[in-house]
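Scope of the values below: all heavy atoms of this structure, side chains included, with no hydrogens, waters or symmetry mates. The model shown is predicted, which means the values in this text are computed figures rather than measured ones.
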Amino acid sequence: MLLESEVGIKPTFLYDGDCGVCRYWTSYWKRLTGDRVEYCAFEQVQTSSQFVETDGRVYLGAHGIFRLLSYAMEKNWMLWMYEHLFLFR
C-alpha cells in the first residue's frame with residue numbers, strides 16, 4: 001500500500017512481482033511510459049493489478065492498465081475506447 005505522503009508524486013502501477021506474465025508486460029509498459037509512471041512490484045498482489053492516480057484514485061485490472069497506457073503518448077487513445085465503446089467492456 002502507498003503511504004499517504006507518496007500520493008501525488010507520480011501515478012503508480014502496482015503489480016504482482018512473482019508473476020512472469022506481469023513482469024513481462026510491465027517491462028514493456030515501462031518502455032512506453034518512461035519516467036511518467038512509477039512501477040512497484042509486490043509479491044502476490046491480493047487482487048488484480050492496480051493503477052493509483054496522483055489524487056489517490058485507484059483503478060483495478062483492465063481499467064488500471066488502460067489508465068496506465070494513457071501516459072504513453074502513442075497509446076493514450078486506448079483509454080477513451082475502453083471507457084466509451086461497448087466492445088471493451
Side-chain angles (χ1 to χ4, degrees):
M1 185 70 64
L2 292 176
L3 299 175
E4 193 172 311
S5 62
E6 294 176 305
V7 174
I9 299 170
K10 283 186 190 180
T12 304
F13 184 69
L14 309 172
Y15 65 97
D16 184 346
D18 288 339
C19 169
V21 172
C22 301
R23 287 192 316 268
Y24 172 84
W25 281 105
T26 299
S27 102
Y28 173 69
W29 296 327
K30 281 181 183 181
R31 289 191 305 273
L32 292 178
T33 61
D35 64 353
R36 293 181 292 275
V37 175
E38 187 72 32
Y39 292 84
C40 293
F42 286 91
E43 292 179 7
Q44 298 180 338
V45 172
Q46 295 299 319
T47 61
S48 59
S49 59
Q50 301 174 28
F51 186 74
V52 183
E53 287 281 8
T54 56
D55 63 2
R57 287 178 293 158
V58 178
Y59 299 89
L60 303 176
H63 198 181
I65 291 169
F66 283 106
R67 284 265 166 197
L68 163 72
L69 290 173
S70 74
Y71 287 86
M73 298 309 174
E74 65 277 1
K75 306 279 187 207
N76 58 5
W77 55 272
M78 293 178 145
L79 177 60
W80 185 92
M81 291 184 72
Y82 177 80
E83 292 180 336
H84 293 90
L85 298 181
F86 173 75
L87 295 173
F88 280 78
R89 293 280 170 143

### Summary
Distance col, row T26:OG1 vs D16:CG, nearest 0.5 angstrom, shows 9.5 Å

### Message
Just verifying a value: how many Å separate H84 NE2 and L79 CG, rounded to the nearest 0.5 Å?
### Response
8.5 Å

### Query
Hey, any chance L32 and V21 share a hydrophobic cluster, counting ILVMFWY side chains that come within less than 4.5 Å of each other, even indirectly?
yes

### Cluster overlap L69 with Y24, hydrophobic side-chain contacts below 4.5 Å
yes

Residue pair [X] / [Y]: nearest heavy atoms and the distance that separates them:
{"X": "C40", "Y": "T12", "answer": "SG-CG2, 3.8 Å"}
{"X": "L60", "Y": "Q50", "answer": "CD2-CG, 3.4 Å"}
{"X": "S48", "Y": "G61", "answer": "OG-N, 3.0 Å"}
{"X": "G17", "Y": "A41", "answer": "CA-CB, 3.8 Å"}

#### Entry: Aromatic plane relationship, W25 with Y28 - under 30° parallel, 30 to 60° tilted, over 60° perpendicular
perpendicular

#### Entry: Expected output: side-chain S70 to main-chain R67 donor-acceptor under 3.5 Å
yes

### Task
Using atom types as modelled and distance alone, determine if a side-chain donor or acceptor of K75 lies under 3.5 Å from a backbone N or O of W29.
no

Heavy-atom side-chain proximity of [X] to [Y] below 4.5 angstrom:
{"X": "V58", "Y": "E53", "result": "no"}
{"X": "Y39", "Y": "L68", "result": "yes"}
{"X": "V52", "Y": "E38", "result": "no"}

### Summary
Partner of F51 under ring pair (Phe, Tyr, Trp, His ring centres under 6.0 Å), picked from F66, Y71, Y59, is Y71

